[in-house]
Number of protein chains: 2
Amino acid sequence: MNIFFKALNDPTRREILELLNKGDLTAGEIADCFSMTKPSISHHLDLLRQADLVVSIREGQYIKYSINTTVFDGVVVWLMQFKKST
Amino acid sequence: MNIFFKALNDPTRREILELLNKGDLTAGEIADCFSMTKPSISHHLDLLRQADLVVSIREGQYIKYSINTTVFDGVVVWLMQFKKST
DNA sequence: TAGATATTTAGACAAATATCTAATTATTAT
DNA sequence: ATAATAATTAGATATTTGTCTAAATATCTA
C-alpha cells in the first residue's frame, strides 16, 4: 500500500498512467509528452515499476511500457472500507 | 487529487483514517494510539484536514475529529478509469 | 567495427517532508 | 486570577524526493 500511494503521489506519474491507459508506449514516447528530461521520466517510470503499476519489456532498441491495472483492485478495496459503514 | 494522494502517502495518516472510520476521536485520543509526539500527530491531522479527509470541531477543551468519506468517491472514480477498458 | 539512437545509472542539489522540543493559545476548574 | 489540561504553532533538523547534467549500457545499421 505504501509504495502504491508513494507512486501515485506525483502528478507526472499519474499522467503517465493515464497515457499508458490509452495504449503502450516506449520510454521515449512517454518522455516526449512532458517538458522534463528523459532521465527524470526514467526515474518516474522506475517508481511506477516498483509499485507494479507498469511493466516494461525491451523491444529491440526500445523499451515498451504497459500499465498493470490489477494493482488498483487492492487499493479500491482499501478505499471502500471507508464507505461501508454508511 | 494532488492533496488527496499527498495526504494518503503516509502510513500514520492512513492509520488515523482507519481509526476514525470506527468512530470519532479527540486529537489526544488519536495521539495515544501512536508512539509519536502530539505535535507530530497534530501536523498529520492538519494535512488530513487540508485534504478534506477529516473534519474537526472543538468540544470544550477537546477537539474532536471525524472522517469525511465523501472525498473517496472522486478518487475511486479516478482509479476506476483504469479498469474500464477491460 | 564505428557511429547513431534509446534508455538507464550516477552524482549533485534544491525543495519538500516527518519528526522533535519549546512556546503559545484555549478551555476548564479551583 | 491561577493552575492544569488539551491542542496547536514555531522553529530546528535529518531524510526523502524531484529534477538536472554527465556518463554508461544496449541495440541497430552502414
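Chain letters run A, B, ... following the sequence lines, proteins first and then strands; every chain starts at 1. Only heavy atoms go into these numbers, but all of them, side chains included; no hydrogens, no water, no symmetry mates. Values in this document were obtained by computation on a predicted structure and should not be read as measured data.
The stretch residues 31-47 of chain A comes close to DNA chain D through A/M36, A/T37, A/P39, A/S40, A/H43, A/H44, A/L47, each having a heavy atom under 4.0 Å from the strand. Within residues 9-17 of chain A, the residues having any heavy atom closer than 4.0 Å to DNA chain D are, in order of number, A/N9, A/D10, A/R13. Scanning residues 57-67 of chain B for heavy-atom distances under 4.0 Å to DNA chain C yields B/R58, B/G60, B/Q61.
For the pair B/Y65 and B/A27, the tightest heavy-atom approach, listed with the atom from each and the gap, is CE1-CB, 3.9 Å. Of all non-hydrogen atoms in B/L45 and B/V54, the two that sit nearest each other are O-CG2, 4.1 Å.
B/N21 contributes a side-chain N or O that, together with a main-chain N or O of A/Q81, makes up a donor-acceptor pair within less than 3.5 Å. A donor-acceptor pair is defined here as one N or O able to donate and one able to accept, closer than 3.5 Å; such a pair exists between the side chain of A/N9 and the backbone of B/K6.
In this structure A/H43 satisfies the side-chain hydrogen bond (donor to acceptor under 3.5 Å, both in side chains) test with no other residue, sequence neighbours excluded. Listed by chain and number, the residues in a side-chain contact (heavy atoms from CB on, under 4.5 Å) with B/E29 are B/L25, B/T26 (sequence neighbours excluded). Every residue meeting the side-chain hydrogen bond (donor to acceptor under 3.5 Å, both in side chains) condition with A/S66, not counting sequence neighbours, appears here in chain and number order: A/D24. Scored by the side-chain hydrogen bond (donor to acceptor under 3.5 Å, both in side chains) test, A/E18 finds B/W78 as partners (sequence neighbours excluded).
The side-chain hydrogen bond (donor to acceptor under 3.5 Å, both in side chains) test with A/H44 is passed by exactly one of A/R14, A/R13, A/E15: A/R13. The one candidate from A/L47, A/L53, A/I3 that meets the side chain to side chain contact (heavy atoms under 4.5 Å, CB included) condition with A/L8 is A/L53.
Counting only heavy atoms from C-beta outward, the side chains of B/I67 and B/L17 approach each other to under 4.5 Å.
The salt bridge (Lys or Arg N to Asp or Glu O under 4.0 Å) contacts involving residues 49-74 of chain A comprise A/D46-A/R49, A/E59-A/K64, A/D73-B/K83, where partners must be two or more places apart or lie in separate chains.
Taking for each of A/S56 and B/K6 the nucleotide of DNA chain C with the nearest heavy atom, the 5'-most of the two is the partner of A/S56.
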**Watson-Crick and G-U pairing of DNA chain D written in dot-bracket, each distance under 3.5 angstrom, with | for inter-strand partners** = ||||||||||||||||||||||||||||||
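With a cutoff of under 4.0 Å to any heavy atom of chain A, the contacted region of DNA chain D is bounded 5' to 3' by D/dT17 to D/dC28.
Aromatic ring pairs are classed by plane angle as parallel below 30°, tilted from 30° to 60° and perpendicular above 60°; the pair A/F82 and B/F72 is parallel.
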Which donor-acceptor pairs under 3.5 Å do the side chains of residues 31-39 of chain B make with protein atoms, sequence neighbours left out?
from, atom 1, to, atom 2, distance (Å)
B/T37, OG1, B/S40, N, 3.4
B/T37, OG1, B/S40, OG, 3.0

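Under the 4.5 Å side-chain heavy-atom criterion for ILVMFWY residues, no single connected hydrophobic cluster contains both B/V55 and B/I41.
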